[in-house]
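Step one of this worksheet: look at the structure below.
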2 protein chains.
Amino acid sequence: MVSIKDIASAAGVSISTVSYALNGSDRITKETADRIQSIANELGYVPNRAARLLKKRETMLVGVFLTDFSGHFYGDLLFGLKEELNRRDYDLIVCSGRRSHRMIPERAFDGAIILDATFADEELIGYADRGHKLVVLDRELDHPNVNQVLLDNKAGATLAVEYLLGQGLSRICAVGGPESAFDAQQRMRAVRQAVERVPEASLEELPGAFDKASGYAAGPRIAEAAGEGPAGVFCLNDEMAIGLCDYLRTQTALQIGKDVHVVGYDNIELAQYMQPRLATIDYSKRKWGALAAEQLLKMLEGRPVEQERIYVRLVEGESVGKAY
Amino acid sequence: MVSIKDIASAAGVSISTVSYALNGSDRITKETADRIQSIANELGYVPNRAARLLKKRETMLVGVFLTDFSGHFYGDLLFGLKEELNRRDYDLIVCSGRRSHRMIPERAFDGAIILDATFADEELIGYADRGHKLVVLDRELDHPNVNQVLLDNKAGATLAVEYLLGQGLSRICAVGGPESAFDAQQRMRAVRQAVERVPEASLEELPGAFDKASGYAAGPRIAEAAGEGPAGVFCLNDEMAIGLCDYLRTQTALQIGKDVHVVGYDNIELAQYMQPRLATIDYSKRKWGALAAEQLLKMLEGRPVEQERIYVRLVEGESVGKAY
DNA sequence: TTGTATGCGTTATCAA
DNA sequence: TTGATAACGCATACAA
């Protein structure tokens, strides 16, 4: 490994001169700086990030924590994040899994973005207390070192339910998310409110876990309910909606968009390839990422941060039809 | 920030005692070790990774480099990687983009896994020359510090083409990948061989870039060709096959699986939701990840590594039918 | 069993 | 404009 010490002796100068030259300080003559630079290149010098970090306490790195890597969802979000961070000379790295949590207190990066249910609120507060800057995308936390960029879950869930109701479907089923999931809680609350506002509407809540399997598992009960007349089903995310459709298609003779009407949430890519096309709630994942990055950068630079929210819109699809 | 120095003074011992105690050396009495440990906990001590790294030159971190984060593909692969690495106390971090390449020479991790076209071969050889351990998944590199886990592209492409030929389709179109992509080159070569083996078969090669847009762009030429009788199209990956199907469905009256027969490669999740179901080449992405992790770990531990290959199988689908 | 002292590669303070 | 030197936090050879 070649260090500045090697460069220094090769150039016949002191290590501090090398350090200054390499970091572009104007205390050094252009000639010596150039000479040192070219010697560094020649020797294939690469700064030691550990040493620098030990001294400067700055990684220029941002960590993003995801619950898992199961695709679909995260591509655009990460793209939005990376783009914004790179613009400001920060690099992005993605982590997942409990083991990796420790990188936050170990100061592996200057800040972190959390979209990861495996973090408990208290854990995050603990990091924030120690001075680590956090942006959370999946919960609300009141702390000077934490900011959030949240989906407008209330608007989205309301749109979804009102879409069903507007089609004349008054028997609403909602397939929920994990107990602990903030997004699921918010959406379900909005569902209840929206249904309550309509006297003749009824609501049945089914458990779910935001994955295909739990959508599939909700199938039997929903098929049963559909026996008593057309039902409008709001799955709190697309993944479950797709699982449910899989069930209905393979295990029953019920027609989606006719006997059972299904709306999802997230507008994942798969949704548009479903037959019939899945009605869902859409929002810009890329913008979500970009905004999160921006918030974190502001915190890192000590600039004031204003609360942001990601707006949503309804995407209609043939998975929902008119009730007769 | 609380360091071992703080613990030492709080415990009334020297820093080396603290270091030994915290690292579980048996040179320390169990009592003092316990006492120090509890003081450390009390103070909320977290080891400084930079300092430790500077000394030990070991991050216990493996970096995975991807061309982009666009989902679908990588979920299972990363899962396989992470599972295997965690088992051996290594952590996984995911990087993407040119900027992040420098983390390799900067020794941000103990080894790296590359599935990223933005690395040039020479660049990787350069890192390997400097002693960095690499496992590459998208090329072949002959270097003591590099190992590869490759798909059996030849078998896969041959399976795909012979599937089409076996259905009586003798007019084969192949939609290629980026010039520089190793997988694309291997697959296309196998396609040519498979077609040449059958005297009455013909092959037309169309350019592609492994994305939906380029599959879509190949649509017009394929529709034209289909005018002269049923054609068998092998898209060198699923992404392009889906793009092509989008074109055929929305821009032509041609029937997929009847007028045009389509096979993809990768068996991404979307493939099974296509209507008709996309025929494709499947392989275990999870195993691919696990094997790559294992190879890297072996290199890190200086154990001998044997070459591995990921086997593939054909998944039939209604996107291919019989020719008449 | 514990303490002292040194060095890992940088940056930064001060003096020259 | 440059150089000597002291940190940064930790691990460890050696001394006690």
Side-chain angles (χ1 to χ4, degrees), chain A residues 1-37 39-40 43-61 102-110 130-132, chain B residues 1-37 39-40 43-61 102-110 130-132:
Chain A
M1 242 203 50
V2 29
S3 77
I4 52 171
K5 206 181 282 178
D6 303 311
I7 302 177
S9 60
V13 297
S14 80
I15 57 163
S16 40
T17 305
V18 175
S19 178
Y20 285 131
L22 260 29
N23 289 309
S25 163
D26 46 6
R27 311 166 50 158
I28 306 292
T29 349
K30 179 144 184 6
E31 298 131 43
T32 30
D34 286 350
R35 196 164 60 85
I36 288 173
Q37 187 58 260
I39 291 178
L43 265 47
Y45 168 75
V46 176
N48 182 311
R49 114 179 273 128
R52 195 214 302 268
L53 174 56
L54 188 56
K55 199 66 191 163
K56 299 239 310 174
R57 283 123 184 286
E58 216 188 31
T59 61
M60 296 307 280
L61 231 48
R102 59 191 165 86
M103 292 209 255
I104 295 178
E106 284 177 353
R107 309 183 160 277
F109 10 73
D110 298 344
R130 293 165 156 273
H132 301 285
Chain B
M1 243 202 51
V2 27
S3 76
I4 52 171
K5 204 181 286 180
D6 302 312
I7 303 178
S9 60
V13 296
S14 80
I15 58 163
S16 51
T17 305
V18 175
S19 178
Y20 286 130
L22 259 29
N23 289 308
S25 163
D26 44 8
R27 310 166 55 161
I28 306 292
T29 349
K30 179 147 184 2
E31 299 131 42
T32 31
D34 286 349
R35 196 166 57 85
I36 287 172
Q37 186 59 257
I39 291 179
L43 265 48
Y45 169 74
V46 176
N48 180 312
R49 123 177 263 128
R52 194 214 302 269
L53 174 55
L54 190 56
K55 194 72 191 161
K56 298 239 310 174
R57 281 122 185 288
E58 219 188 28
T59 61
M60 295 308 280
L61 229 50
R102 60 190 167 87
M103 292 207 255
I104 296 179
E106 284 177 354
R107 307 185 161 278
F109 10 73
D110 297 345
R130 292 165 157 275
H132 302 285

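Every chain is numbered from 1, with letters handed out A, B, ... down the list of sequences. If you're wondering where the values come from, they're calculated on a predicted model, not measured in any experiment.
Taking each heavy atom of B:Ile39 and B:Ala10 in turn, the nearest pair found is CG2-CB, 4.0 Å. Heavy-atom minimum distance, A:Phe109 versus A:Thr59: CA-OG1, 3.2 Å. Between A:Leu61 and A:Ala108, the shortest heavy-atom contact is CD2-O, 3.9 Å.
Taking atom NZ of A:Lys30 as the reference point, atom C1' of D:dT2 lies 18 Å away to the nearest angstrom. Rounded to a whole Å, the CG atom of B:Leu22 is 14 Å from the P atom of C:dT2. Across the protein-nucleic acid pair, A:Arg107 atom CZ and D:dG9 atom P stand 9 Å apart, rounded to whole Å.
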Contact pattern, 5' to 3', of nucleotides 9-16 of chain C - B, S or - by protein heavy atom under 4.0 Å: BBBBBB--

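Among pairs with a residue in residues 46-60 of chain A, those fulfilling salt bridge (Lys or Arg N to Asp or Glu O under 4.0 Å) read A:Arg49-B:Glu106, at least two apart in sequence or across chains.
With hydrogens and angles disregarded, a donor-acceptor distance shorter than 3.5 Å links the side chain of B:Ser3 to the backbone of B:Lys5.
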Working for side chain to side chain contact (heavy atoms under 4.5 Å, CB included), residues B:Leu22 and B:Ile7: CA-CA 10 Å; B:Leu22 259 29; B:Ile7 303 178; 4.2 Å; yes

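Taking 4.5 Å as the limit, every side-chain heavy atom of B:Met1 sits out of range of all side-chain heavy atoms of A:Arg130.
Between the side chains of A:Ser16 and A:Ser19, no donor N or O sits under 3.5 Å from an acceptor N or O.
Helix bend of the helix from C:dT1-D:dA16 to C:dA16-D:dT1: the angle between its two end axes, each built from five pairs, comes to 40° after rounding to 10°.
Put simply, A:Ser14 has a side-chain N or O that comes within less than 4.0 Å of OP1 or OP2 on D:dG3. In this structure, A:Thr32 reaches the D:dT2 phosphate: one of its side-chain N or O atoms is under 4.0 Å from OP1 or OP2.
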